[in-house]
S.K.: 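Sharing a structure with you now.
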Amino acid sequence: MKTIKNETVINSKFTSHTVNMTDRNKANVTGISKVDSANAAEIVLTSCMGRLVITGSDLKITKFDETGGELSFTGNVDGIKYAQAKQSLIKRIFK
């Protein structure tokens, strides 16, 4: 992981990241390297700009192109939040 101008950037093959949403119920996201978890209430993604947590209801991933880093989803979006990547337990204990 590297830091640029107080922003955390995850080492990734993608260098840019976008979120395009229509009417809070359909979205396309780019710069995604991994889907960490997904269910009807929450989608957790790893992007080139850090962890991305999408919360809501009836969330469903409709498309994920891992090589291109593009993801599409539908559902009722309540929030989108960037979070720091979780450190392993060992790294947290021995800081």
Side-chain angles (χ1 to χ4, degrees):
M1 191 169 9
K2 60 184 178 177
T3 302
I4 300 175
K5 294 183 183 178
N6 296 328
E7 292 182 14
T8 302
V9 178
I10 304 297
N11 285 331
S12 173
K13 61 184 174 182
F14 307 111
T15 57
S16 66
H17 166 65
T18 62
V19 177
N20 294 315
M21 187 179 309
T22 305
D23 297 331
R24 287 183 60 183
N25 62 16
K26 184 177 180 182
N28 298 311
V29 186
T30 64
I32 302 302
S33 57
K34 181 179 167 189
V35 176
D36 296 318
S37 66
N39 59 49
E42 180 179 76
I43 299 173
V44 181
L45 308 169
T46 299
S47 77
C48 61
M49 299 302 291
R51 283 174 55 101
L52 180 64
V53 180
I54 302 158
T55 56
S57 59
D58 299 323
L59 298 175
K60 180 181 176 185
I61 295 174
T62 56
K63 175 186 161 192
F64 177 49
D65 176 12
E66 188 172 0
T67 57
E70 298 178 16
L71 180 131
S72 299
F73 69 91
T74 60
N76 302 311
V77 176
D78 292 334
I80 297 178
K81 177 182 173 185
Y82 288 90
Q84 288 184 321
K86 290 184 179 178
Q87 289 184 334
S88 70
L89 180 60
I90 300 296
K91 286 185 179 180
R92 286 184 279 168
I93 292 172
F94 297 106
K95 251 184 175 180

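FYI, the numbering just counts along the sequence from 1.
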S.K.: Restricting to side-chain contact (heavy atoms from CB on, under 4.5 Å), what partner residues turn up for Lys34, sequence neighbours left out?
M.R.: Asp36, Thr46

S.K.: To the nearest 0.5 Å, how far apart are CD1 in Ile61 and OG1 in Thr74?
M.R.: 10.0 Å

S.K.: Between Cys48 and Ser16, which heavy-atom pair has the shortest distance, and what is it?
M.R.: SG-O, 3.4 Å

S.K.: If you round to the nearest 0.5 Å, how far is OG1 of Thr30 from CG of Asn20?
M.R.: 7.5 Å

S.K.: Could you point out which residue of Leu71, Ile32, Thr18 forms a side-chain contact (heavy atoms from CB on, under 4.5 Å) with Ser47?
M.R.: Ile32

S.K.: Distance from Thr15 atom OG1 to Met49 atom CE, nearest 0.5 Å?
M.R.: 10.5 Å

S.K.: Who pairs with Ser72 by side-chain hydrogen bond (donor to acceptor under 3.5 Å, both in side chains), at least two apart in sequence or on another chain?
M.R.: Asn28

S.K.: What distance separates Leu52 CG from Ile54 CD1, expressed to the nearest 0.5 Å?
M.R.: 4.5 Å

S.K.: Evaluate the side-chain contact (heavy atoms from CB on, under 4.5 Å) criterion for residues Val29 and His17: first the C-alpha distance (whole Å), next the side-chain angles of each, then the deciding distance (0.1 Å), finally the verdict.
M.R.: CA-CA 7 Å; Val29 186; His17 166 65; 3.6 Å; yes

S.K.: For Glu42, enumerate each residue passing the side-chain contact (heavy atoms from CB on, under 4.5 Å) test, keeping only those at least two apart in sequence or located in another chain.
M.R.: Asn39, Val44, Val53, Thr55

S.K.: Could you grab the distance from atom OH of Tyr82 to atom CG of Leu45, nearest 0.5 Å is fine?
M.R.: 9.5 Å

S.K.: Can you find a heavy atom in the side chain of Arg24 that is under 4.5 Å from one in the side chain of Asp78?
M.R.: yes

